[in-house]
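Inspection log for the structure reproduced underneath, given as structure tokens.
Just so it is clear, the model here is predicted, and its values are computed rather than measured.
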Amino acid sequence: MRGTGRNGASIGVLLALAGLTACGSDTRAAQARFLFVDVAAEAGIDVVNRCGDPRRWYIPESNGCGAAWLDADGDGDLDLFVGNGSGMRYVDDGARLEVLRDATSRLYRNDGDLTFADVSQESGAALSSWVNAVSVGDVDGDGDPDLYLACFGPDVLLVNEGGVFTDGTAAAGLGCELWGAGASFADADGDGNLDLYVANYVVFDPENPPDGGRRQMIAGVEVGYGPEEENGKGFNKGAPDVFYRGDGRGHFTEATAEAGLVLEKDLCSYAAVFSDVDDDGDADLLVANDLQPTNLFVNQGQGTFTEEGVERGFAFGAEGAPTAAMGLFVADVDGDGDQDVLRTNFDMEPNSLHINDGRGFFRDRAAEFGLAAPSFDKLGWGGGFFDAECDGDLDLVVANGHVMPNAEELGLHAWAQATQLFEAITEDGKRPRYRDVTAEAGPGLAPLRSARGVALADADDDGDMDVLIVDLDHAPRLLENQSPRRGRWLAVRLEGRGANTAALGARVRVSAGERSWTREMRTVAGLYSSHDPRLHFGLGAGDAPVSVEVRWPDGLLQVIEGVACDQLLTIEQPEKPTR
């Protein structure tokens, strides 16, 4: 195991320069509890998101794009991939739609100190595909992170060779042509290789849009048709999701039926996240569906699943009905060691917070935790849980924005909305209550936008998490976290053995005195985006000894005592003893 920073530099040196002490005090912005500043322009992140015609009369035009943090070139810091969409031309008043291919995705190389260089062309990342979701996984086990792009149009696998990406879709046996809105890698069958689940949204043909391209009139207002459960006319039907088994060498075989993942009815799927929700050592699968029951596929071992969303209290919201679900944020929200799930929902429909009982059974307790009422007038998309000020509690960021630019004419809420920051306030040591602190968190969260994907990372390697937000019709916001530090921190980077080089599916528990924090190793969560591949722990104030426990994907348990704080700790997976 090692504890190093960017390019091998000691994190301790970086912290000394930042003015931190052992207890995590910070000289930055001492007068404010939270401070997020948009530094995207200065950082050189300037790609403007394209997503159809500004009228948004057709369902692909409102869904938006995601982003991914990854060390693309292997130099030790995090580079940034930002997916992009396309313009759309309405031919004959929408009787036919022409996808313009007038925008490209971007790869920004991290040059340190929050400066980035656009290397999209030379790296092979400047694709004109209409990207929705970005999933990072080392598909061929060579140590380089590859990119799976779920698209409106054929999906793309970008295979990484030393920071240069090539289209490896066909060679890998991939290339689903359905409209992909979510994708996640995991070792679902326990063979040491990464498998892939692709969540597809609706069936939509630009050459033959619903109802001949006509829009619906509601109270005299012209708006586009939503998914099938909303319009009630059979338009925009759900598309089948697809599951692929990987061989660890970069090739995949479609195995949806074999894995028990075919449903009686194809649903309108958004986020897909693998998580061991029942704590039995294998990866279960969560899938958000729009105005349809959310799926919980329980892994029965060796990568076969049964759908148990209704039985386990996960399929519906607090009122016992399906929600217009988009994002799934998975984390140990209440600090009891299991994985809970926040689900983002539609306007006038509170977000859901499904609290896990430790056995993979859930109850929506958003109201009790203070997250229902503040989300009622918002339409939520991406985001995630993270410890913004290192005090030991998981705070929350949620990107919001409407699907209809003229929503207010229908009595709904605005197209442009605030991206919300919620502070976790813990009084009894385990159960937080959340407070909306958006207005108190600095200028980066002040703009009202129609936001979609969110990718979280310690982009500047200074020990706290920064926030990348993809806004429709704008360049992304890169919110540098300048919040005053209120405790120590630890980042953990796992190096897996074999083909699963990032150790996806591992579980890490960090303990300090009477407190402990549990994270699962995954990059995909929220919606559309892949987060920092290093697990970040805020430890709060104090000087209690710190230990780290890792349950590796093969079940091996490793414990490391006497860990120094305020560093990036790299842990290599030990070889499993043979009997």
Side-chain angles (χ1 to χ4, degrees), residues 52-53 55-64 88 90 93-97 132 152 178-182 199-241 262-271 287-295 307 309-310 314-327 343-352 364 375-381 401-415 450 527:
D53 184 281
R55 289 168 285 183
R56 267 84 191 193
W57 273 342
Y58 302 95
I59 196 169
E61 301 179 291
S62 294
N63 271 19
M88 187 100 85
Y90 301 167
D93 195 34
R96 182 174 66 84
L97 307 177
N132 279 177
F152 177 56
L178 299 169
W179 175 3
N200 295 309
Y201 186 45
V202 305
V203 176
F204 188 95
D205 180 5
E207 294 290 329
N208 298 283
D211 201 21
R214 289 179 289 273
R215 281 74 63 185
Q216 59 180 329
M217 296 293 293
I218 301 177
V221 179
E222 189 174 29
V223 296
Y225 287 105
E228 58 178 321
E229 301 295 340
E230 179 186 84
N231 64 67
K233 296 184 178 181
F235 302 142
N236 300 323
K237 290 182 178 294
D241 296 352
V262 175
L263 298 172
E264 292 183 7
K265 173 183 169 59
D266 296 329
L267 303 179
C268 305
S269 300
Y270 271 114
V287 183
N289 300 304
D290 196 351
L291 284 170
Q292 297 160 327
T294 300
N295 296 128
E307 208 292 315
V310 173
F314 190 71
F316 308 127
E319 296 183 356
T323 65
M326 268 83 78
R343 183 168 74 221
T344 52
N345 295 320
F346 202 76
D347 187 10
M348 297 188 180
E349 187 178 56
N351 293 338
S352 306
D364 185 351
S375 62
F376 184 78
D377 61 349
K378 304 292 190 296
L379 199 165
W381 297 87
H402 222 287
V403 296
M404 295 177 286
N406 55 355
E408 290 178 287
E409 296 179 41
L410 296 172
L412 299 173
H413 292 97
W415 161 259
S450 200
L527 181 68

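Considering Arg214, Arg55, Arg215 as possible partners of Glu222, the one that fulfils the side chain to side chain donor-acceptor pair (under 3.5 Å) test is Arg215.
Between Trp381 and Asn63 there is a side-chain heavy-atom pair separated by less than 4.5 Å. Put simply, the side chain of Asp211 does not reach to within 4.5 Å of the side chain of Lys233, judged on heavy atoms. Looking at Pro240 and Val262, their side chains never come closer than 4.5 Å, going by heavy atoms from C-beta outward. Contact of the Met348 side chain with the Leu412 side chain is registered, since non-hydrogen atoms from C-beta on lie closer than 4.5 Å. Using a 4.5 Å cut-off on side-chain heavy atoms (C-beta onward), Phe316 and Val310 make contact. For the pair Leu263/Asn295, a side-chain contact is recorded, criterion being any heavy-atom separation below 4.5 Å from C-beta on.
Using modelled atom types, no side-chain atom of Asn132 and backbone atom of Ala181 make a donor-acceptor pair closer than 3.5 Å. Proximity of a side-chain donor or acceptor of Thr344 to a complementary backbone N or O of Asn351 within less than 3.5 Å is not detected. Not one N or O on the side chain of Ser269 forms a donor-acceptor pair closer than 3.5 Å with the backbone of Ala199. Counting only distance, with no hydrogens or angles, the side chain of Thr323 and the backbone of Gly317 share no donor-acceptor pair below 3.5 Å. For the pair Gln292 (side chain) and Cys268 (backbone), a donor-acceptor distance under 3.5 Å is present. Remark: the backbone N or O of Glu228 is not paired with any side-chain donor or acceptor of Asn236 at under 3.5 angstrom.
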Stepwise, does the side chain to side chain donor-acceptor pair (under 3.5 Å) test hold for Asn345 with Ser375?
CA-CA 9 Å; Asn345 295 320; Ser375 62; over 6 Å; no
Stepwise side chain to side chain donor-acceptor pair (under 3.5 Å) check, His413 with Asp347
CA-CA 7 Å; His413 292 97; Asp347 187 10; 2.7 Å; yes
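Among residues two or more places apart in sequence or in another chain, the side chain to side chain contact (heavy atoms under 4.5 Å, CB included) test is passed with Val223 by Gln216, Ile218, Val221, Met404, Asn406, Leu410. Taking Trp179 as the reference, Phe152, Tyr201 meet the ring-ring contact (aromatic ring centres under 6.0 Å, His included) condition, with sequence neighbours excluded.
Here the CZ atom belonging to Phe346 is positioned 7.0 Å from the CE atom belonging to Met326, to the nearest 0.5 angstrom. The line from CG of Asp266 to CG of Leu178 is 9.0 Å long, rounded to the nearest 0.5 Å. Rounding to the nearest 0.5 Å places CE of Met88 at 5.0 Å from CG of Leu97.
What you find for His402 and Ser450 is that their closest heavy atoms are O-OG, 3.1 Å. Contact detail for Arg343 and Phe314: the closest heavy-atom pair is NH1-O, 3.1 Å. Among all heavy-atom pairs drawn from Pro209 and Glu207, the shortest one is CD-C, 3.6 Å. Counting all heavy atoms, side chain and backbone alike, Asn231 lies closest to Gly226 at ND2-O, 2.9 Å. What you find for Ala325 and Ala288 is that their closest heavy atoms are CB-CB, 3.9 Å. The two residues Leu291 and Pro227 make their nearest non-hydrogen contact at CD1-CG, 4.4 Å.
Side-chain contact annotation: Thr294 with Asn289, donor-acceptor N/O pair under 3.5 Å absent. For the residue pair Asp53 and Tyr58, no side-chain donor N or O sits within less than 3.5 Å of a side-chain acceptor on the partner.
Sorted by first and then second residue, the ring-ring contact (aromatic ring centres under 6.0 Å, His included) pairs involving residues 212-234 (not counting sequence neighbours) are Tyr225-Phe235.
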